[in-house]
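Since the model is a prediction, treat every value here as computed from it, not as a measurement.
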Amino acid sequence: MSVTASPAARRWTIGRRQRIAELMDDPQIEPAALDHALRGIARINAVSLTAEHLWRRLKRIAAQRRLSRLSVLDVGCGNADVTIGIARRAASAGLLVEISGCDMTAVAIEAASDRARRAGLSNVEFFQADALLDDLRGEYDAVVSSLFLHHLAEQDAIELLRRASQIARYAIIMDDLCRSALGYWLARWGCRLLTRSPVVHFDGPASVRSAFTATEALQLARAAGLDGAVAVRRWPERYTLAWHADAEGGS
């Protein structure tokens with residue numbers, strides 16, 4: 001599978017966000033191609049230490065709130081490599097975490113549920129939902145996401161953050177790509193090193209073009225009414241947008 005960039009795409013500069021339709025978002029994508037791509041993204045997330053990064057923040061929330069049980073929603077969970085990574089770390093730490101994952105794609109939810117069953121995780125569940133429109137099944141102590149915000153138009157990103165604030169008791173933590181020249185080249189070559197999926201080879205660099213900067217993500221959070229939100233850049237050219245219900249959560 002190969003894709004030729006349009007003249008407009010070739011004229012792109014890093015300072016301007018350019019939303020590009022990703023192959024993974026195509027409802028007609030073949031299930032085998034999607035599964036291959038999701039496994040490639042899981043490998044990239046592992047190298048980026050995404051589950052560990054989110055877990056450290058969740059563990060801090062539980063400690064500060066003196067919670068013995070933590071409920072978490074992972075929005076846009078894909079095949080749940082990050083969701084399951086958080087659940088495994090919680091089990092190792094002896095903290096009871098009830099974690100749910102939602103995704104629009106039935107193939108992703110099926111793959112996620114299968115992975116959780118094979119991992120023997122009974123405290124993880126998945127459901128299919130459009131995070132902008134559908135019922136997200138109650139409230140959670142924390143709402144998290146990874147590599148999801150960049151898929152959205154600005155107004156949809158604001159709406160997602162607003163909806164998340166309505167169901168998150170204590171925190172919202174969203175981790176995503178940071179649009180930068182280094183990030184683009186890391187995606188372009190890193191995706192080719194870490195997976196053979198042609199879908200990921202196209203979607204990786206396209207995702208960076210579609211991504212927000214940390215400053216832009218913070219502006220979205222403020223537009224959604226998330227006072228006190230912070231956006232912190234981290235390796236490898238990602239940022240974490242975090243909001244806490246009060247100042248206890250820190251950055």
Side-chain angles (χ1 to χ4, degrees), residues 42 44-78 80-102 116 119 121-125 131 136-150 157 160-178 212-215 217-222 224-251:
I44 293 166
N45 281 331
V47 171
S48 301
L49 303 176
T50 304
E52 177 64 24
H53 175 72
L54 292 175
W55 163 241
R56 285 199 303 266
R57 288 177 170 269
L58 291 170
K59 183 170 64 172
R60 190 186 313 160
I61 292 166
Q64 291 169 337
R65 298 284 181 173
R66 296 181 175 85
L67 301 173
S68 59
R69 179 190 301 261
L70 192 69
S71 60
V72 179
L73 174 65
D74 183 7
V75 178
C77 65
D81 57 287
V82 172
T83 322
I84 290 172
I86 292 171
R88 283 174 167 160
R89 286 164 173 78
S92 296
L95 177 64
L96 179 57
V97 174
E98 297 172 345
I99 184 163
S100 301
C102 70
L121 296 170
S122 60
N123 61 325
V124 183
E125 67 169 4
L136 297 178
R137 301 189 179 184
E139 292 186 338
Y140 305 85
D141 295 325
V143 175
V144 305
S145 77
S146 171
L147 301 181
F148 182 61
L149 207 60
H150 73 266
L160 174 68
L161 290 164
R162 187 192 65 79
R163 292 197 85 198
S165 70
Q166 294 176 338
I167 60 173
R169 297 185 187 94
Y170 303 129
I172 299 169
I173 307 167
M174 297 196 171
D175 194 70
D176 213 317
L177 302 167
C178 186
F212 300 101
T213 65
T215 299
L218 189 56
Q219 291 169 348
L220 295 173
R222 289 171 177 166
L226 301 184
D227 296 334
V230 295
V232 180
R233 290 182 67 165
R234 74 174 187 89
W235 184 92
E237 288 303 287
R238 295 197 180 195
Y239 68 83
T240 301
L241 178 66
W243 171 83
H244 296 268
D246 56 39
E248 287 187 39
S251 61

Asks: Checking Arg233 now: which residues fulfil side chain to side chain donor-acceptor pair (under 3.5 Å) with it, not counting sequence neighbours?
Replies: Glu237

Asks: Treating Trp243 as the side-chain partner and Gly228 as the backbone partner, does any N or O pair qualify as donor plus acceptor under 3.5 Å?
Replies: no

Asks: Can you measure from CG (Leu160) to CG (Leu220) and round to the nearest 0.5 angstrom?
Replies: 10.0 Å

Asks: What heavy-atom pair brings Gly138 and Tyr140 nearest, and what distance separates the two atoms?
Replies: O-CE1, 3.6 Å

Asks: Measure across Gly76 and Phe148 and return the closest heavy-atom pair with its distance rounded to 0.1 Å.
Replies: CA-CD1, 4.0 Å

Asks: Is Asn45 reaching over with its side chain to a backbone N or O of Thr50, donor-acceptor style, under 3.5 angstrom?
Replies: no

Asks: Are Trp55 and Leu95 packed together at the side-chain level, in the sense that at least one heavy-atom pair is separated by less than 4.5 angstrom?
Replies: yes

Asks: Would you say Asp141's side chain and Ser71's backbone share a donor-acceptor pair under 3.5 angstrom?
Replies: yes

Asks: State, yes or no, whether a side-chain contact exists between Phe212 and Leu241 at a heavy-atom distance under 4.5 Å.
Replies: no

Asks: With side-chain contact (heavy atoms from CB on, under 4.5 Å) as the test, would you mind laying out the steps for Cys102 and Val75 before giving the verdict?
Replies: CA-CA 5 Å; Cys102 70; Val75 178; 4.3 Å; yes

Asks: For Leu58 and Val97: C-alpha separation, side-chain torsions, deciding distance, then whether side-chain contact (heavy atoms from CB on, under 4.5 Å) applies.
Replies: CA-CA 10 Å; Leu58 291 170; Val97 174; over 6 Å; no

Asks: To check you understand the geometry: which heavy-atom pair defines the closest contact between Ala87 and Leu121, and what is its length?
Replies: CB-CD1, 4.0 Å

Asks: Could you tell me which non-hydrogen atom of Leu149 sits nearest to which non-hydrogen atom of Ala157, and how far apart they are?
Replies: CD1-CB, 4.0 Å

Asks: Taking all atoms of both residues into account, what is the closest heavy-atom pair of Ala229 and Leu218, and its distance?
Replies: O-CD1, 3.2 Å

Asks: When rounded to the nearest 0.5 angstrom, what distance separates CG in Leu177 from CG in Leu147?
Replies: 5.0 Å

Asks: Can you measure from OG1 (Thr83) to CG (Asp74) and round to the nearest 0.5 angstrom?
Replies: 3.5 Å

Asks: Quick one: does Arg89's side chain have a donor or acceptor within less than 3.5 Å of a partner on Gly85's backbone?
Replies: yes

Asks: Does Arg69 have more than 12 heavy atoms from other residues, nucleotides or ligands lying within 6.0 Å of its CZ?
Replies: no

Asks: Is any NZ, NE, NH1 or NH2 atom of the basic residue among Asp175 and Arg234 found under 4.0 Å from an Asp or Glu carboxylate oxygen of the other?
Replies: yes

Asks: CG of Asp227 to NE2 of His244: how many Å apart, nearest 0.5 Å?
Replies: 14.5 Å

Asks: Hey, could you give me the NE2/CE distance between His150 and Met174, rounded to the nearest 0.5 Å?
Replies: 13.5 Å

Asks: Could you walk me through whether Arg57 and Thr240 pass the side-chain contact (heavy atoms from CB on, under 4.5 Å) check?
Replies: CA-CA 10 Å; Arg57 288 177 170 269; Thr240 301; 3.7 Å; yes

Asks: Can you check whether Ile172 reaches Ser165 side chain to side chain, under 4.5 Å on heavy atoms?
Replies: yes

Asks: Do Val72 and Ile86 have side chains that get closer than 4.5 Å, going by heavy atoms?
Replies: no

Asks: Should Ile173 and Ile61 count as side-chain neighbours, where that means a heavy-atom distance under 4.5 Å?
Replies: yes

Asks: Heavy atoms only: give me the nearest Arg162-Ala224 pair and the separation to one decimal.
Replies: N-CB, 3.9 Å

Asks: Using a 4.5 Å cut-off on heavy atoms from C-beta on, say whether the side chain of Arg238 contacts that of Ser48.
Replies: yes

Asks: Kindly compute the distance separating OG (Ser146) from CG (Asp81), expressed to the nearest 0.5 Å.
Replies: 7.5 Å

